[in-house]
Amino acid sequence: MKGLLVALLGGGVPAGFVAPFTRMAHEASAIPSLEILLVRCLFHLAFACRLRCGRAPLLGPAPGRHRLLLHAAANVLSVACAYSSFVAVPSANAATVRKGSSTLGSALLALCVESRPLTGYDWFGLLGSTLGLLIMVVPDLLSLDPSTRLADAFGYALACLGGVALALGLAIFRALDFPAKLPTAAFGALGGLVCAPAMFLLQEPVLPAEPLTWSCTVAIGVLAVVSFLCASHAVTLAHPALVCAVLHSEVVVTLAVQHYVLRETVTPFDVMGAGVILGSISIIAAQNVSCHPREEEEEEEEEDEKEEEG
């Protein structure tokens with residue numbers, strides 16, 4: 001249960017503000033998505049400086065260094081696709097597609113890799129979250145403007161790719177035995193090396209001149225780092241598929257910010273889908289709360305049996 005609370009309050013809620021702030025920064029100064037990602041990587045590099053000052057290896061022990069770099073590459077790809085989709089399609093829709101694909105991808109990876117299957121309540125919660133996502137996305141896809149259909153489809157494809165990469169990153173992190181600050185530093189280092197040249201080759205850098213753009217960019221960096229650390233820590237305490245499902249709270253927060261701050265239209269399907277997602281999160285949380293005391297009792301009984309045998 002502790003892992004799900006960390007994912008909900010520290011991972012999902014702060015991440016819900018990232019997509020609207022990205023869209024606000026882009027609309028105010030036309031700042032490219034890679035430039036926003038580069039600024040975020042600079043915040044992640046603060047952990048690299050801390051490790052360097054403590055004379056700790058920046059990329060961890062040599063035997064697990066390749067896995068750490070693979071985890072960082074998956075997350076850089078996920079965030080780059082997500083930020084590009086946020087400026088191409090409505091922020092809540094992009095966040096919804098990304099989270100839906102991450103949940104399905106994480107569940108499939110967990111079934112293939114993990115030896116511990118999901119319970120019936122877990123499957124019910126995952127299916128409910130997926131149903132809520134479909135309720136939100138399908139009507140929007142059917143009502144796309146023919147003149148912008150290709151660009152919108154490309155934005156949704158980027159969001160889907162970002163979700164799959166996020167699920168892969170969470171699965172890799174679960175196999176790591178490093179503290180969360182090491183993957184954070186690796187993300188900043190690899191992301192900075194990739195984004196700096198790519199920003200000049202693929203896009204034209206923009207120097208923000210408005211306080212709103214600077215505020216949104218700094219807020220994105222801070223909130224993204226907090227969400228990254230909490231999500232990475234939560235996946236070590238709970239099942240990756242369950243963490244992805246709880247991170248769907250990001251969609252609900254994004255919808256609220258989109259409606260009250262950006263003044264963009266929120267349809268009844270969006271509200272209905274958000275309600276289904278919240279209900280699914282409640283089912284997952286309630287099931288874990290009810291099982292937690294039993295697990296503690298079983299652990300205590302096993303310890304008592306070992307002491308008696310000893």
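Heavy-atom basis, side chains included; hydrogens, waters and symmetry copies ignored. Please read all numbers here as calculations on a predicted model, not as lab measurements.
Following chains of ILVMFWY side-chain contacts shorter than 4.5 Å, one cannot reach Leu77 starting from Val164, and the two form parts of different hydrophobic clusters. If you chain together hydrophobic residues whose side chains sit under 4.5 Å apart, Val253 and Ile220 fall into the same group. Under the 4.5 Å side-chain heavy-atom criterion for grouping Ile, Leu, Val, Met, Phe, Trp and Tyr, Phe17 is connected to Tyr83 within one hydrophobic cluster. Val226 and Val18 fall into different hydrophobic clusters, where Ile, Leu, Val, Met, Phe, Trp and Tyr are joined by side-chain heavy atoms under 4.5 Å apart, directly or via other members. Taken together through direct or relayed side-chain contacts under 4.5 Å among Ile, Leu, Val, Met, Phe, Trp and Tyr, Val89 and Phe154 form parts of separate hydrophobic clusters.
Thr22 is linked by a side-chain hydrogen bond (donor to acceptor under 3.5 Å, both in side chains) to nothing, counting only residues two or more places apart in sequence or in another chain. Legend: residues meeting side-chain hydrogen bond (donor to acceptor under 3.5 Å, both in side chains) with Thr217, ordered by chain and number and at least two apart, are absent. Take Glu250 and apply the side-chain hydrogen bond (donor to acceptor under 3.5 Å, both in side chains) test, not counting sequence neighbours, and it matches Lys99.
Looking only at side-chain heavy atoms (C-beta outward), His71 and Phe187 stay at 4.5 Å or farther from each other.
Between Cys81 and Leu161, the shortest heavy-atom contact is SG-CD2, 3.7 Å. Minimum heavy-atom separation, Gly10 to Pro14: O-CG, 3.3 Å. Annotation for Cys160 and Val97: closest pair N-CG1, 3.8 Å, computed over non-hydrogen atoms.
Taking the six-membered ring for Trp and the full ring otherwise, His44 and Phe228 have centroids separated by under 6.0 Å.
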Criterion side-chain contact (heavy atoms from CB on, under 4.5 Å) on Phe86 and Ile36, from CA distance to verdict: CA-CA 12 Å; Phe86 292 159; Ile36 297 177; over 6 Å; no
